[in-house]
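Have a look at the structure below, then the notes.
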Number of protein chains: 2
Amino acid sequence: MRISTKAQYAVRAMVDLSVHSNGRPVPLKEISQREEIPLNYLEQLFFRLKKAEVVASVRGPGGGYILARPSALIKVGEIVAMVEEPLNPVSCLDDGGAACHRISRCVTHNVWQGLGERIRGFLDAISLEELTREAQAGLDVLSPPGGTTR
Amino acid sequence: MRISTKAQYAVRAMVDLSVHSNGRPVPLKEISQREEIPLNYLEQLFFRLKKAEVVASVRGPGGGYILARPSALIKVGEIVAMVEEPLNPVSCLDDGGAACHRISRCVTHNVWQGLGERIRGFLDAISLEELTREAQAGLDVLSPPGGTTR
DNA sequence: TTAATAGTTGACAATTTTAGTAAGGTATGT
DNA sequence: ACATACCTTACTAAAATTGTCAACTATTAA
């Protein structure tokens with residue numbers, strides 16, 4: 001029961017983007033360096049996040065990515081779902097549970113299905129805005145307002 | 001975000017055991033056939049379940065496995081945790097989160113930690129007894145009491 | 001208009017994890 | 001003794017994950 005590093009990267013990168021962009025496009029190179037995530041890998045992730053319309057892109061010099069919506073409207077669940085593809089904890093739920101016969105299977109199905117719903121419910125209840133606020137609060141401890149800020 | 005087939009097998013096998021044993025030891029061979037799980041694989045799983053004192057074994061002919069406790073006291077979470085080893089959704093939680101510095105990481109940590117707690121909470125709230133009852137209700141539909149039962 | 005930046009996209013390779021197989025052993029009841 | 005069935009470790013094959021590479025397109029600025 002592991003979350004892929006893909007999903008961890010994606011969420012971290014989105015928090016980083018949200019913290020460091022203020023309407024300004026943030027190039028992946030920056031995020032890559034700050035978060036220590038391979039640039040090429042990030043590109044793949046943001047490719048998908050863009051298709052999901054979670055971010056938008058600006059090409060060319062001075063370009064980068066920006067949030068496609070206010071961070072309050074971006075849920076962690078969306079980010080995870082987009083890179084993690086099937087958010088069902090078991091394969092036989094992928095087709096809606098059609099191909100299931102054996103009894104003990106059906107019984108356990110309910111467990112996995114319920115689990116999936118809890119997972120999605122939990123992650124969908126957290127917005128990027130919350131994480132951003134928390135991250136900024138954490139940053140303030142390291143370099144308080146009036147400190148080394150330019 | 002997948003549950004391993006290992007865990008699925010383990011829960012299904014435990015339900016099967018609970019349904020078909022009435023104090024009688026059930027050999028893995030039977031479970032293997034009914035649930036279509038490779039025998040050798042099952043042996044590995046029950047090896048661990050025994051170490052976790054979820055089941056007990058009876059060796060020799062007529063032997064097999066029995067529940068180590070009443071099914072009401074066996075939680076699905078236990079079964080899953082035993083075969084799934086780390087039930088933390090991310091690796092950096094394994095050591096209790098000691099090796100974590102970057103801010104956006106800490107922020108996301110809280111997410112994964114919360115998620116792990118939810119997962120465990122959900123699975124620990126389901127007892128093998130409940131699943132057994134459900135499974136038996138399902139069986140009754142196929143072969144009602146007074147039917148083909150020996 | 002040329003060069004540099006930065007996103008776009010697909011293919012591919014390395015690594016790790018998972019699932020499954022095999023084999024030999026030990027205890028026990030008939 | 002023999003068959004049953006648990007016990008345990010080692011290994012292999014397949015799949016998924018993670019990461020890399022390369023080539024391309026759009027855009028800005030000198």
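Keep in mind that the numbers below use all heavy atoms, side chains included, and drop hydrogens, waters and symmetry copies. Below, read A as the first sequence line, B as the second, and so on, with proteins coming before strands; counting in each chain starts at 1.
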Under the 3.5 Å Watson-Crick or G-U criterion, the dot-bracket string of DNA chain D, with | for inter-strand pairs: ||||||||||||||||||||||||||||||
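- Look at OH on B:Y65: it is 9 Å from C1' on D:dA5, rounded to the nearest Å.
- Considering only the side chain of B:F47, D:dT9 comes nearest among C:dT9, D:dT9, C:dG20.
- Taking only side-chain nitrogens and oxygens, B:Y41 never comes nearer than 4.0 Å to OP1 or OP2 of D:dT8.
- For the residue pair A:T108 / B:Q8, no side-chain donor-acceptor distance below 3.5 Å is found, with atom types taken as modelled.
- When the side-chain nitrogen and oxygen atoms of B:Y9 are compared with OP1 and OP2 of C:dG20, one or more of them lie within a distance under 4.0 Å.
- Regarding B:L49, its CG atom lies at a distance of 14 Å from the C1' atom of D:dC7, rounded to whole Å.
- Rounding to whole angstrom units, CG of residue B:L42 and C1' of C:dA22 are separated by 16 Å.
- In this structure, A:I31 CD1 and A:S21 OG are separated by 9.0 Å, a value rounded to the nearest 0.5 Å.
- Distances shown here put every side-chain N or O of A:S57 at or beyond 4.0 Å from the OP1 or OP2 atom of C:dA6.
- B:Y9 has its side chain out of reach of B:L42: every pair of non-hydrogen atoms, C-beta onward, lies at least 4.5 Å apart.
- Rounded to a whole Å, the CD atom of B:E84 is 8 Å from the P atom of C:dA19.
- Between A:V107 and the choices B:E134, B:E130, B:R133, B:Q136, the side-chain contact (heavy atoms from CB on, under 4.5 Å) rule is met once, by B:E134.
- One atom, CD of B:Q33, and another, P of D:dA5, lie 10 Å apart when rounded to the nearest Å.
- Atom CG of A:N40 and atom C1' of D:dT17 are 16 Å apart (whole Å).
- A close approach under 4.0 Å does not occur between any side-chain nitrogen or oxygen of B:K50 and OP1 or OP2 of D:dC6.
- Looking at heavy-atom distances under 4.0 Å, B:V26 makes contact with sugar-phosphate atoms alone, never a base.
- Here the shortest heavy-atom pairing between B:V111 and A:F122 reads O-CE2, 3.5 Å.
- Contact annotation: B:T5 reaches the phosphate of C:dA19 (side-chain N/O to OP1 or OP2, under 4.0 Å).
- Distance check, rounded to the nearest 0.5 Å: CG of B:L128 to CD1 of B:I79 gives 5.0 Å.
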What's touching nucleotides 23-27 of chain D from the protein side, N or O pairs under 3.5 Å?
{"from": "D:dT25", "atom 1": "O2", "to": "A:R59", "atom 2": "NH2", "distance (Å)": "2.3"}
{"from": "D:dA26", "atom 1": "O4'", "to": "A:R59", "atom 2": "NE", "distance (Å)": "3.4"}
{"from": "D:dA26", "atom 1": "O4'", "to": "A:R59", "atom 2": "NH2", "distance (Å)": "3.4"}

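- Contact annotation for A:K29: no contact, since no heavy-atom pair falls under 4.0 Å across all strands.
- For the pair B:K51 and B:F47, the distance from NZ or CZ to the six-membered ring centre is under 6.0 Å and the angle to the ring normal is within 45 degrees.
- The CD-C1' distance, from A:E36 to D:dG19, rounds to 16 Å in whole Å.
- Between B:R48 and B:V83 the shortest heavy-atom distance is NH1-O, 3.0 Å.
- Interatomic distance, CG of A:L131 versus CD1 of A:I74, reported as 11.0 Å (0.5 Å rounding).
- The residue B:F46 sits apart from the nucleic acid: no heavy atom pair falls under 4.0 Å.
- Following rounding to the nearest Å, A:I37 (CD1) and D:dT18 (C1') show an atom-to-atom distance of 13 Å.
- In terms of polar N and O atoms assigned as donor or acceptor, the side chain of B:Q44 comes within less than 3.5 Å of the base of C:dT21 in a complementary pairing.
- Separation of atoms CD (A:E35) and CE (A:M14) is listed at 12.5 Å; rounding is to 0.5 Å.
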